[in-house]
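To find a chain, count down the sequence lines: A is the first, B the second, and so on, and within it residues start at 1.
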Protein chains: 2
Amino acid sequence: MVGEYNNCNDATTITRVYKPDVVLMDIDMPGESGINGVRYVKEARPQTSVIMYTVFEDDEKLFQCLCSGANGYLLKQTPPQKLFDGIQEVIAGGSPMSPVIARKVLNSFQHGKSNKYFLSSREIEVLQLLIKGYSAKMIAADLNISFDTARSHLKNIYQKLHVNSGKEAIGKALGEHIV
Amino acid sequence: MVGEYNNCNDATTITRVYKPDVVLMDIDMPGESGINGVRYVKEARPQTSVIMYTVFEDDEKLFQCLCSGANGYLLKQTPPQKLFDGIQEVIAGGSPMSPVIARKVLNSFQHGKSNKYFLSSREIEVLQLLIKGYSAKMIAADLNISFDTARSHLKNIYQKLHVNSGKEAIGKALGEHIV
DNA sequence: TTATTACTCACTCAAATGAGGGATTGACAC
DNA sequence: GTGTCAATCCCTCATTTGAGTGAGTAATAA
């Protein structure tokens with residue numbers, strides 16, 4: 001145990017000086033958020049494992065932490081023995097997660113194909129080609145339909161997605177995992 | 001224990017008939033792959049929890065399983081007690097994962113920002129606006145530069161990304177996690 | 001039967017785009 | 001002090017695109 005702090009403002013230098021094997025990081029702290037804290041620690045010393053240890057099971061915060069490089073995510077309700085297990089596990093190269101968190105993480109892989117904009121199957125075909133970078137002309141050739149029909153489909157897709165251009169449609173489709 | 005099968009060809013009907021709480025699913029089986037097996041079970045009865053139980057720790061297979069809806073992923077080297085724990089955990093709404101798997105899953109969140117195409121910081125700014133669906137004119141306004149400069153940046157970006165249109169650039173940028 | 005919907009095709013027009021050319025400035029490296 | 005490069009700006013041209021409007025057919029639902 002090399003230290004204990006009530007904020008992570010000096011996380012970079014502390015990490016450089018003490019070279020900890022494991023850091024337990026809270027999210028809600030005075031000053032800098034623990035989400036940035038993860039980043040500081042990881043940038044200062046990538047080998048250091050960071051376990052988020054917090055009350056939050058908020059989706060947005062969770063994914064920000066994971067994207068920032070956290071190696072584990074335990075809720076504060078975790079019994080002490082499980083916390084020790086988690087620390088051992090992260091040293092051994094694992095990624096301890098509270099059950100609820102693990103479920104959220106896996107769920108994030110399964111968000112695919114919502115189609116909440118009610119695109120027809122033909123429209124989905126067209127959208128997929130559009131995402132591949134095809135022009136209206138190429139889409140028409142690929143689907144053996146006329147140029148104007150392809151454009152017609154595109155216009156309908158834009159309407160359903162509430163966008164005004166192919167670029168926006170691609171951004172929305174990829175961003176919201178529509179296809 | 002309602003059944004045990006050496007393939008998952010009839011997974012749909014079996015699931016409908018026996019309504020299992022939990023399914024342990026292997027990947028490598030005669031006939032249909034367990035990756036499709038997950039899908040069959042989940043489509044037949046979404047409430048049924050599926051734990052992958054296999055020797056594979058292959059990245060590609062892992063992510064296919066997760067995307068297909070698996071609720072857990074335990075390696076066959078898992079000690080029996082941990083396997084029982086995992087079954088309890090999945091029933092309680094958790095997602096049991098072997099440490100190696102958990103680590104791979106978390107790593108998949110951290111693949112961001114490669115910039116293997118050596119975009120300048122200004123070009124990244126422009127690309128981010130492009131992805132938001134901005135036109136050249138809007139990008140120019142947003143960055144307080146002239147219309148032609150914005151177009152100039154866009155052309156350079158397209159060259160670096162080896163694409164010929166904004167749509168392709170967006171697809172590539174989002175697909176390869178460049179930004 | 002009537003409506004609705006998906007899919008198909010056509011035409012027009014103004015605006016945006018991609019591709020080509022060239023030019024200046026300032027910073028930084030060798 | 002020469003060279004490189006990012007960033008800025010300008011011009012032209014053919015093509016593509018988005019938006020508007022209309023219309024025919026086939027399948028499905030009310």
*Asks:* How long is the straight-line distance from OH of A/Tyr73 back to OG1 of A/Thr54, given to the nearest 0.5 Å?
*Replies:*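 Result: 5.0 Å between the selected atoms.
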*Asks:* Indicate the atoms forming the closest heavy-atom contact of A/His162 with A/Tyr117, along with that distance.
*Replies:*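 For A/His162 versus A/Tyr117, the nearest heavy atoms are CD2-CE2, 4.2 Å.
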*Asks:* Output the rounded distance in Å from CD1 (B/Ile157) to P (C/dG18).
*Replies:*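 After rounding, the gap between these two atoms is 11 Å.
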*Asks:* Would you say B/Lys172's side chain and B/Leu161's backbone share a donor-acceptor pair under 3.5 angstrom?
*Replies:*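 Yes, B/Lys172 side chain to B/Leu161 backbone: donor-acceptor pair under 3.5 Å.
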*Asks:* Between A/Arg45 and A/Pro20, is there a donor-acceptor pair closer than 3.5 Å when you use the side chain of the first and the backbone of the second?
*Replies:*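 Looks like yes, one N/O pair under 3.5 Å.
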*Asks:* If I compare all heavy atoms of A/Val38 with all of A/Met25, which pair ends up nearest, and what's the gap?
*Replies:*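 Result for this residue pair: N-CE, 3.7 Å.
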*Asks:* Nearest whole Å is fine: how far is C/dG20 P from B/Tyr158 OH?
*Replies:*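 Interatomic distance, OH of B/Tyr158 to P of C/dG20: 14 Å.
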*Asks:* I'd like to know if the side chain of B/Ser146 and the backbone of B/Asp148 have a donor-acceptor N/O pair within less than 3.5 Å.
*Replies:*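 Yes.
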*Asks:* Please tabulate, one pair per line, each protein N/O and nucleotide N/O from nucleotides 25-30 of chain C that are separated by under 3.5 Å, including the distance.
*Replies:*
none

*Asks:* If the cut-off is 4.0 Å, is A/Lys167 near the phosphate of C/dT17, judged by side-chain N/O to OP1 or OP2?
*Replies:*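 Answer is yes, contact under 4.0 Å.
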*Asks:* Just by distance, do the side chain of A/Arg103 and the backbone of B/Ser95 share a donor-acceptor pair under 3.5 Å?
*Replies:*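 Pair absent, no side-chain N/O of A/Arg103 close to backbone of B/Ser95.
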*Asks:* Any non-hydrogen side-chain atom of B/Lys19 less than 4.5 Å from a side-chain atom of B/Thr48?
*Replies:*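 Not in contact.
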*Asks:* Between atom CG of A/Leu130 and atom OH of A/Tyr158, what is the distance when rounded to the nearest 0.5 Å?
*Replies:*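 That separation rounds to 5.0 Å.
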*Asks:* Would you tabulate the pairs of protein nitrogen or oxygen atoms and nucleotide nitrogen or oxygen atoms of nucleotides 5-8 of chain C closer than 3.5 angstrom?
*Replies:*
residue : atom : partner  : partner atom : Å
C/dC7   : OP1  : A/Arg122 : N            : 3.3
C/dC7   : OP2  : A/Ser120 : OG           : 2.2
C/dT8   : OP1  : A/Arg122 : NE           : 3.3
C/dT8   : OP1  : A/Arg122 : NH2          : 2.8
C/dT8   : OP2  : A/Arg122 : NE           : 3.1
C/dT8   : OP2  : A/His153 : NE2          : 2.6

*Asks:* Taking the side chain as every heavy atom from C-beta outward, state whether B/Met52 and B/Leu62 have any pair of such atoms under 4.5 Å apart.
*Replies:*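 Of all side-chain heavy-atom pairs linking B/Leu62 with B/Met52, none is under 4.5 Å.
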*Asks:* If you assign A/Lys155 and A/Tyr134 each to the DNA chain D nucleotide with the nearest heavy atom, which residue ends up on the more 5' nucleotide?
*Replies:*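 So the residue in question is A/Tyr134.
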*Asks:* 5' to 3' on DNA chain D, which nucleotides open and close the contacts with chain B (atom under 4.0 Å from a heavy atom)?
*Replies:*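 Under 4.0 Å from chain B, the extent on DNA chain D is D/dA6 to D/dT17.
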*Asks:* Starting from P on C/dA16, measure out to CD1 on B/Ile170 and report it in whole angstrom.
*Replies:*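 Result: 16 Å.
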*Asks:* Rounded to whole angstroms, how far apart are CG on B/Asp148 and P on C/dG21?
*Replies:*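 That distance rounds to 16 Å.
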*Asks:* Just the rounded figure in Å: distance from P of C/dA14 to NZ of B/Lys137.
*Replies:*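 It is 15 Å, rounded to the nearest whole Å.
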*Asks:* Does B/Thr15 reach the main-chain N or O of B/Ala44 with its side chain, forming a donor-acceptor pair under 3.5 Å?
*Replies:*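 Side chain of B/Thr15 to backbone of B/Ala44: no pair is present.
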